[in-house]
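Here's the structure, in C-alpha cells; my notes come after.
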Amino acid sequence: IDIAFVSFPVDAPNIQTDLLFSDEIVAIAHPGHPLANERYISAATLAGEKLILGERGGNTRRMIDDFFHAANVRPNIVMELSRQEAINQMVENNLGVGIAGAKTIADEIREGRLVSWLIEGAEINWELGLARLRGGYFSPIAKEFVGLCKESFVAREKELKARK
C-alpha cells in the first residue's frame, strides 16, 4: 500500500501523515428534541440521552469514550453503527441523540432536519488524512494522488464555508 486514508491521530513513528480535513465534533438531535433550542449540552446531560454512536474501535469513538470517562459519567448508548450517515438518519427519525462533525452535518442543520449542540468541555476533532511509510519510495503517481486529494479537500472546505 502506497497511501492510505486514515483517521487521526496516528501514533506510529514509521508513518508519515498529511492532514486533509478537520471537523469539530458536536452532538446532534431531532429538531423536536426538548433541548433543541439550546446551544450547549453538558457531558452529564448528553450521557443521559439515548445515544447513537459509531462503533467501538475507531479514533473518534475512542475520544468520545475518553471524554465521558474524564467527565465521570456513563453514557446511555442504545445503538452503535458503522456509518455516520446511518447515525444521522436514526437521529433524523428521532430515535436518539448522535455525535457528528459540525461541517459534515451542515446541510442537515440548514435544512432543519437536525439541530446541533456544542459539547461543554469537549475538544474533540475528527481529522482525516493520508498516511504512508516514512522514508519509503514515494512514486510520482502517489505524489500526484496526494496533491489531488489536498486540492479536493481545500475545494470542499471552500464549498462548506460558502453554504453557511
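Not measured: the values here are computed from a predicted model. Because only heavy atoms are used, hydrogens play no part in the values below, and waters and symmetry mates are left out as well, while side chains stay in.
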Interatomic spacing from CZ in F68 to CG in L53 - rounded to 0.5 Å: 6.5 Å

Residues that, via side-chain heavy atoms closer than 4.5 angstrom, fall in one hydrophobic cluster with I87: V26, I28, Y40, I52, V78, M79, L81, M90, V91, L95, I105, I109, L114, L118

Common cluster, I41/I99, ILVMFWY with side-chain heavy-atom separation under 4.5 Å: yes

Verify same cluster id: V73, M63 (apolar side-chain graph, 4.5 Å): yes

side-chain contact (heavy atoms from CB on, under 4.5 Å) between N125 and F21, worked out: CA-CA 10 Å; N125 286 318; F21 185 77; over 6 Å; no

Point-to-point distance, once rounded to the nearest 0.5 Å, from NZ of K150 to CG of L130: 8.0 Å

Pair V154-E151, side-chain contact (heavy atoms from CB on, under 4.5 Å): steps then yes or no: CA-CA 5 Å; V154 166; E151 288 175 24; 5.8 Å; no

Pairs satisfying salt bridge (Lys or Arg N to Asp or Glu O under 4.0 Å), at least one member in residues 58-77, at least two apart: R56-D65, R61-D65, R61-E80, R62-D66

R132 NZ/CZ over F138 ring centroid, <6.0 Å and within 45° of normal: yes

Exam field: side chain D23 to backbone A102, donor-acceptor pair closer than 3.5 Å: yes

Over 12 non-hydrogen atoms of neighbours within 6.0 angstrom of CG in N72: no

Residue pair R134 / I15, side-chain heavy-atom distance below 4.5 Å: no

Spacing of N59 atom CG and L128 atom CG [to the nearest 0.5 Å]: 11.0 Å

Within 6.0 Å of CD in E111, more than 12 heavy atoms from elsewhere: yes

V115-I119 co-clustered via ILVMFWY side chain contacts under 4.5 Å: no

L51 vs N76 side-chain heavy atoms within contact, under 4.5 Å: no

Least distance between heavy atoms, A43 atom then A71 atom: CB-CB, 3.6 Å

Rounded distance [0.5 Å steps], CG in N37 versus CG in L35: 9.0 Å

ring-ring contact (aromatic ring centres under 6.0 Å, His included) against H30, all qualifying residues, sequence neighbours excluded: none

Student check: side-chain heavy atoms of D2 and F145 closer than 4.5 Å: no

Minimum side-chain heavy-atom gap S42-T45 below 4.5 Å: yes

All N/O donor-acceptor pairs, side-chain side in residues 3-10, below 3.5 Å, sequence neighbours left out:
none

N14, CG atom: more than 12 neighbouring heavy atoms under 6.0 Å: yes

Flag, side chain of R113 to backbone of E92, donor-acceptor distance under 3.5 Å: no

Interatomic distance, E144 atom CD to I141 atom CD1 [nearest 0.5 angstrom]: 6.5 Å

Distance in Å, W126 CH2 paired with T60 OG1, rounded so as to fall on 0.5 Å steps: 7.5 Å

Whichever hydrophobic residues join Y137 through chains of side-chain contacts under 4.5 Å: none

Face-on cation placement of K158 at F153 ring, 6.0 Å and 45° thresholds: no

Charged N-O contact under 4.0 Å between K103 and E157: yes

Summary of salt bridge (Lys or Arg N to Asp or Glu O under 4.0 Å) pairs that have at least one residue in residues 45-55, sequence neighbours excluded: none

